[in-house]
Amino acid sequence: MSEESPVALITGAGRGIGAAIAQSLSASGHRVVLTARSTEELEAVAASLPGEAICIAADLTDSGAVDRVFAAAEDAFGRIDVLVANAGAAMSAPVHKTTDADWARMLDLNLTAPFRCIRRAVPGMKERGYGRIVVIASAAAKRGEPLIAAYTASKHGVLGLVRSVAAELAQTGITVNAICPGYVDTPMTDGSIANVVAHTGRDAAAVRAYFANQQPTGRLITVAEVATAVQFCLDSPSVSGQGIEVDGGAVQS
Ligand code: NAP
């Protein structure tokens with residue numbers, strides 16, 4: 001690994017999809033910058049990678065956090081060639097019980113933080129005439145499902161952001177895409193299952209099977225499958241402005 005190796009910044013890299021993307025990009029020769037709130041989780045991921053990595057703990061919804069993370073990353077590695085805006089959270093509530101705080105929490109993390117990351121990443125990428133930006137959106141970026149209005153609005157919003165920025169940057173060497181997974185086997189999905197169990201008293205295995213059956217394939221998506229789609233975006237200079245479904249064929253678009 002040398003100063004010539006490309007640099008990838010991955011948000012939400014401490015577990016789940018972000019940790020798998022870090023593995024995949026490290027294995028394909030990237031120096032990686034891992035960020036999330038939990039230092040312990042980040043360090044465990046960094047220790048498991050084949051290549052060079054640094055960890056920067058930050059709550060991306062704090063004011064100034066995105067600028068601090070990018071400054072520390074550039075101090076360490078000099079530049080950012082690849083941005084994977086993956087950090088996100090979900091919540092479930094009927095729309096009439098969704099509070100202003102719930103709404104703000106979903107939009108701040110799932111929409112505003114990716115916007116700030118993209119805004120901060122683009123000038124350096126433009127200067128170098130190369131960049132890859134991938135946002136981990138959701139199947140909820142393309143269709144509405146009950147009881148997740150704030151999450152769905154944030155993910156539709158982030159896909160709009162991706163499409164507009166891709167159009168704006170078409171002649172710069174930078175591509176901008178979103179990955180739109182169905183239900184993925186991660187701690188977030190474990191949390192969603194636990195939430196349904198707590199509210200309905202249903203059996204956890206039955207709820208997990210219900211989530212698995214939201215994919216026509218009848219199973220949860222794996223984190224490695226999402227990481228493969230990210231790698232596809234990195235390898236594909238003519239793919240930009242897309243919301244790429246990784247959902248077992250649920251949404252055909
Ligand atoms: P996860 O297992 O809960 O991991 C989320 C990651 O984001 C963690 O590293 C977490 O670390 C970080 N994070 C959360 N809040 C943060 C904050 N305020 N500031 C900085 N980092 C923060 O979730 P996942 O399932 O891997 O999901 C990753 C992305 O995929 C999300 O955008 C999610 O919406 C999307 N997605 C997930 C699924 C699914 O079924 N799991 C489906 C479609 C889309 P800390 O808590 O330590 O900060």
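Counting convention: from 1, in listed order, for ligands and their atoms alike. Please read these numbers as outputs of a predicted model, since none were measured by experiment.
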K.L.:
Once you round to the nearest 0.5 Å, how far does CG of Asp185 lie from CG of Asp190?
P.N.:
6.5 Å
K.L.:
Looking only at protein heavy atoms, which one is nearest to atom 40 (O) of ligand 1, and how far off is it?
P.N.:
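Ranking protein heavy atoms by distance from atom 40 (O) of ligand 1, first comes Val184 N, 2.8 Å.
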K.L.:
Do me a favour and list the nearest non-hydrogen protein atom to atom 41 (N) of ligand 1 with residue, atom name and distance?
P.N.:
Thr186 OG1, 3.1 Å
K.L.:
For atom 42 (C) of ligand 1, what's the nearest protein heavy-atom neighbour? Residue, atom name and distance, please.
P.N.:
Gly182 O, 3.0 Å
K.L.:
Between atom CD1 of Ile179 and atom CZ of Phe232, what is the distance when rounded to the nearest 0.5 Å?
P.N.:
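The CZ atom of Phe232 is 8.5 Å from CD1 of Ile179, to the nearest 0.5 Å.
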K.L.:
Which pair of non-hydrogen atoms, one from Lys155 and one from Ser138, has the smallest distance, and what is that distance?
P.N.:
CG-CB, 3.9 Å
K.L.:
Is Ala139 near ligand 1, meaning one of its heavy atoms is under 4.0 Å from it?
P.N.:
no
K.L.:
Measure the distance from atom 35 (C) of ligand 1 to every protein heavy atom, then report the residue, atom name and distance (to 0.1 Å) of the closest one.
P.N.:
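Closest protein heavy atom to atom 35 (C) of ligand 1: Ala137 O, 3.6 Å.
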K.L.:
Should Pro181 be counted as touching ligand 1, given the test is an N or O pair under 3.5 Å?
P.N.:
no
K.L.:
Below 3.5 Å, N or O to N or O, backbone or side chain included: is there any such pair between Leu60 and ligand 1?
P.N.:
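Between Leu60 and ligand 1 (N or O atoms, distance only) the closest approach is under 3.5 Å.
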K.L.:
At a 4.0 Å cut-off, with the gap strictly under it, does some heavy atom of Cys180 reach an atom of ligand 1?
P.N.:
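No; Cys180 lies far enough from ligand 1 that no heavy-atom distance drops under 4.0 Å.
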K.L.:
Rounded at 0.5 Å granularity, tell me how far OG in Ser5 sits from CZ in Arg31.
P.N.:
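Here the interatomic distance stands at 5.5 Å.
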K.L.:
Write out the residue and atom name of the closest protein heavy atom to atom 29 (C) of ligand 1, then the distance separating them to 0.1 Å.
P.N.:
Asn86 O, 3.0 Å
K.L.:
Any nitrogen or oxygen of Asn110, side chain or backbone, less than 3.5 Å from one on ligand 1?
P.N.:
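Not met; the criterion fails.
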K.L.:
Is there at least one pair of N or O atoms, one from Thr35 and one from ligand 1, spaced under 3.5 Å apart?
P.N.:
no
K.L.:
After noting the C-alpha distance and the side-chain angles of Ile133 and Val122, does the key distance pass the side-chain contact (heavy atoms from CB on, under 4.5 Å) rule?
P.N.:
CA-CA 9 Å; Ile133 297 173; Val122 161; 4.0 Å; yes
K.L.:
When you measure from the heavy atoms of Tyr151 to every atom of ligand 1, does any distance fall below 4.0 Å?
P.N.:
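Under 4.0 Å: yes for Tyr151.
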K.L.:
Provide, to 0.1 Å, the distance between atom 4 (O) of ligand 1 and the closest protein heavy atom, together with that atom's residue and name.
P.N.:
Arg15 NE, 3.5 Å
K.L.:
Output yes when the distance from some N or O of ligand 1 to some N or O of Ile17 is under 3.5 Å, and no in every other case.
P.N.:
yes
K.L.:
How long is the span from the CG atom in Asp203 to the CZ atom in Arg208, to the nearest 0.5 Å?
P.N.:
11.5 Å
K.L.:
Decide whether an N or O pair under 3.5 Å exists between Tyr183 and ligand 1.
P.N.:
no
K.L.:
Does the N or O separation between Gly12 and ligand 1 drop below 3.5 Å for any pair?
P.N.:
yes
K.L.:
Below 3.5 Å, can you tabulate the donor-acceptor pairs from side chains in residues 54-61 to any protein atom, sequence neighbours excluded?
P.N.:
unit_1 : atom_1 : unit_2 : atom_2 : d
Asp59  : OD1    : Thr61  : N      : 2.9
Asp59  : OD1    : Thr61  : OG1    : 2.6

K.L.:
Hey, is the main chain of Val251 close enough, under 3.5 Å, to the side chain of Asp247 for a donor-acceptor pair?
P.N.:
yes
K.L.:
Quick check on Ala90 - does any of its heavy atoms sit under 4.0 Å from an atom of ligand 1?
P.N.:
no
K.L.:
Going from CD1 on Ile221 to CD on Gln214, what distance comes out if it is rounded to the nearest 0.5 angstrom?
P.N.:
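It comes to 11.5 Å.
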K.L.:
Heavy atoms only: which of Gly191, Ala89, Ala87 is nearest to atom 22 (C) of ligand 1?
P.N.:
Ala87
K.L.:
How close does the nearest protein non-hydrogen atom get to atom 20 (C) of ligand 1, and which residue and atom is it?
P.N.:
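Heavy-atom neighbour on the protein nearest atom 20 (C) of ligand 1: Ala58 O, 3.4 Å.
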K.L.:
Would you check the N or O atoms of Ala36, main chain and side chain alike, for any that come under 3.5 Å of an N or O of ligand 1?
P.N.:
no
K.L.:
Consider every N or O of Asp59 and every N or O of ligand 1, then say whether any pair is closer than 3.5 Å.
P.N.:
yes
K.L.:
What I want to know is whether Arg37 and ligand 1 share at least one N or O pair that is separated by under 3.5 angstrom.
P.N.:
yes
K.L.:
Among all protein heavy atoms, pick the one closest to atom 33 (C) of ligand 1 and tell me residue, atom and distance.
P.N.:
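Checked against all protein heavy atoms, atom 33 (C) of ligand 1 sits closest to Met188 CE, 3.5 Å.
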